[in-house]
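Take a look at the structure set out below.
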Amino acid sequence: MTFTAMTEATTEAKTEQTTYDGALPEVPCPRELAPHDARELTRVFFARLRSLEEGTREYQYVRNTLIEMNISLVHFAARPFRDRAGGPEHEDVIQVGTIGLIKAIDRYDPARNTQFTTLALPYITGEIKRHFRDTSWAVRVPRRLQELRLVLAKATEQLTTLLDRAPTQAELAEHLDLSEDEVRQGLVAAQGYTTQSLYAPQDGETASEPRGSSSQPSYTLADTIGGEDPALESVEDRHALAPLLAELDERSTRILELRFGQEMTQAEIGAEIGLSQMHVSRLLNRTLADLREQLLRED
């Protein structure tokens with residue numbers, strides 16, 4: 001349906017269709033308008049929008065219709081970002097681009113006599129790029145370092161072609177007129193763009209190749225990470241206990257060695273050092289109580 005035909009049909013069906021102020025026709029399917037008709041109606045609706053009070057029912061109708069009529073601009077601007085690796089889904093990109101379109105509608109001034117698309121496309125594209133910048137990185141880094149990553153990637157490609165090898169940090173710094181520290185920060189930050197699963201195949205193994213099918217042993221990053229060692233919890237206690245054991249008399253030291261070192265019973269210890277089992281029990285309990293008291297006192 002053309003703009004002229006739609007206007008005539010609206011005029012003839014005043015009793016069936018809603019019109020606002022007798023000037024703006026109802027647009028049943030704004031998204032299905034031809035590009036030329038959408039441009040013509042956009043000018044008419046913008047002229048009306050600026051004369052309305054924000055928040056009124058008519059204002060909302062005009063604003064929402066403008067969004068629907070120009071949603072094709074969002075799809076056009078989002079096309080280069082479709083299925084970009086590591087990026088959000090295309091539907092999410094459309095939603096973000098629509099936010100840019102709404103901002104453009106709210107800021108457009110018809111009195112400046114410029115095409116709406118001239119303002120809308122930069123707003124839409126900028127909103128999409130901002131969304132990619134904020135969501136594509138696996139680790140959030142400052143915007144300055146995000147932009148430096150792109151500059152370093154381009155410079156690395158140029159210098160690799162020129163030098164026939166990968167450039168050093170010093171060469172990158174000289175090429176970009178940056179300090180080596182800035183280059184180092186950018187290279188470190190670039191590692192936060194993507195992450196790798198702990199279970200990603202390593203050593204030439206591929207995801208389509210079952211583990212263990214190659215001639216060389218395969219492993220994942222998780223295989224290289226050590227587990228928790230329960231013995232580490234006792235290291236500090238042993239370190240604190242060593243000087244206290246050194247201060248014990250020879251008999252107490254001998255009893256502890258036989259009991260905990262050789263795992264002998266109290267009766268066997270008594271037979272070994274010539275004491276009764278009861279005496280050994282009293283000496284052992286007294287020694288352990290003294291050691292425990294000194295350890296707690298030092299803590």
Side-chain angles (χ1 to χ4, degrees), residues 3 24 27 29-56 58-155 157-158 176-178 186 189-190 192-194:
F3 173 68
L24 294 180
V27 184
C29 299
R31 292 178 180 236
E32 299 179 6
L33 290 174
H36 174 74
D37 294 337
R39 286 194 297 270
E40 292 295 328
L41 277 173
T42 294
R43 282 196 290 268
V44 173
F45 272 65
F46 264 123
R48 181 61 179 150
L49 183 68
R50 295 301 171 246
S51 65
L52 297 174
E53 181 180 353
E54 187 173 349
T56 61
E58 186 177 359
Y59 180 92
Q60 292 300 325
Y61 164 74
V62 174
R63 184 171 180 265
N64 291 340
T65 304
L66 282 169
I67 295 172
E68 293 289 327
M69 286 192 299
N70 291 279
I71 199 69
S72 60
L73 294 176
V74 177
H75 289 273
F76 175 79
R79 197 173 302 162
F81 301 92
R82 179 176 298 177
D83 301 327
R84 178 179 289 190
E89 297 292 334
H90 185 65
E91 292 77 8
D92 295 336
V93 176
I94 296 298
Q95 291 184 12
V96 172
T98 303
I99 295 175
L101 173 63
I102 294 172
K103 290 181 179 179
I105 289 174
D106 292 339
R107 290 165 174 77
Y108 179 66
D109 184 4
R112 295 187 177 182
N113 200 27
T114 58
Q115 288 288 339
F116 173 64
T117 54
T118 305
L119 175 71
L121 285 175
Y123 266 91
I124 297 170
T125 304
E127 200 70 30
I128 294 174
K129 288 182 177 179
R130 188 179 300 109
H131 181 69
F132 269 88
R133 186 189 69 217
D134 295 340
T135 61
S136 297
W137 283 70
V139 179
R140 186 71 180 271
V141 300
R143 181 177 179 179
R144 175 181 62 85
L145 295 179
Q146 293 181 11
E147 295 173 348
L148 182 57
R149 167 185 169 271
L150 299 176
V151 173
L152 286 172
K154 184 177 180 180
E157 182 179 353
Q158 293 174 346
L176 297 172
D177 195 22
L178 299 172
Y193 185 72
T194 57

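Counting from 1, the numbers follow the sequence of the chain as shown.
- Look at R48 and E58 and you find a salt bridge, because one of the NZ, NE, NH1 or NH2 atoms lies within 4.0 Å of a carboxylate O, short of that distance.
- Here the CG-OG1 distance, from N70 to T42, works out to 4.0 Å after rounding to the nearest 0.5 Å.
- Heavy-atom neighbours of Q60 CD from other residues, nucleotides or ligands within 6.0 Å: above the threshold of 12.
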Check: After noting the C-alpha distance and the side-chain angles of F76 and I124, does the key distance pass the side-chain contact (heavy atoms from CB on, under 4.5 Å) rule?
Finding: CA-CA 10 Å; F76 175 79; I124 297 170; over 6 Å; no
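- With salt bridges taken as basic N to acidic carboxylate O contacts below 4.0 Å, one links R130 and E127.
- The shortest distance between side-chain heavy atoms of E32 and E68 does not fall below 4.5 Å.
- Residue P110 comes nearest to A47 through the heavy atom pair CG-N, 4.5 Å, listed as atom of the first residue, atom of the second, then distance.
- Within the 3.5 Å criterion, the main-chain N or O of Y59 finds no donor-acceptor partner in the side chain of R63.
- Looking at residues two or more places apart in sequence or on another chain, you find a side-chain contact (heavy atoms from CB on, under 4.5 Å) between T65 and V27, P30, F45, Y61, M69.
- Taking both residues in full, the closest heavy atoms of A104 and A120 are given as CB-CA, 3.7 Å, listed atom of the first, atom of the second, then distance.
- Within the 4.5 Å cutoff, the side chain of H75 has no heavy atoms near those of the R79 side chain.
- Side-chain contact check for L73 versus F116: some heavy-atom pair is nearer than 4.5 Å.
- Between the side chain of Y108 and the main chain of T114, a donor-acceptor pair closer than 3.5 Å is present.
- The two residues L121 and A77 have their closest heavy-atom pair at CD2-CB, 4.3 Å.
- Closest heavy-atom contact between A78 and V93: CB-CG1, 3.7 Å.
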Next item on the list: Go through the steps to decide whether L148 and L178 satisfy the test side-chain contact (heavy atoms from CB on, under 4.5 Å), and finish with yes or no.
Entry: CA-CA 11 Å; L148 182 57; L178 299 172; 3.8 Å; yes
Notebook entry, point to check: Passes side-chain contact (heavy atoms from CB on, under 4.5 Å), F81 versus K129? Steps please.
Noted result: CA-CA 9 Å; F81 301 92; K129 288 182 177 179; 3.9 Å; yes
Next item on the list: Determine, stepwise, if the pair I67 / I105 fulfils side-chain contact (heavy atoms from CB on, under 4.5 Å).
Entry: CA-CA 8 Å; I67 295 172; I105 289 174; 3.5 Å; yes
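- A salt bridge does not link R50 to D109: none of the charged side-chain nitrogens sits closer than 4.0 Å to a carboxylate oxygen.
- When all heavy atoms are compared, the tightest approach of G100 to Y123 is O-CB, 3.5 Å.
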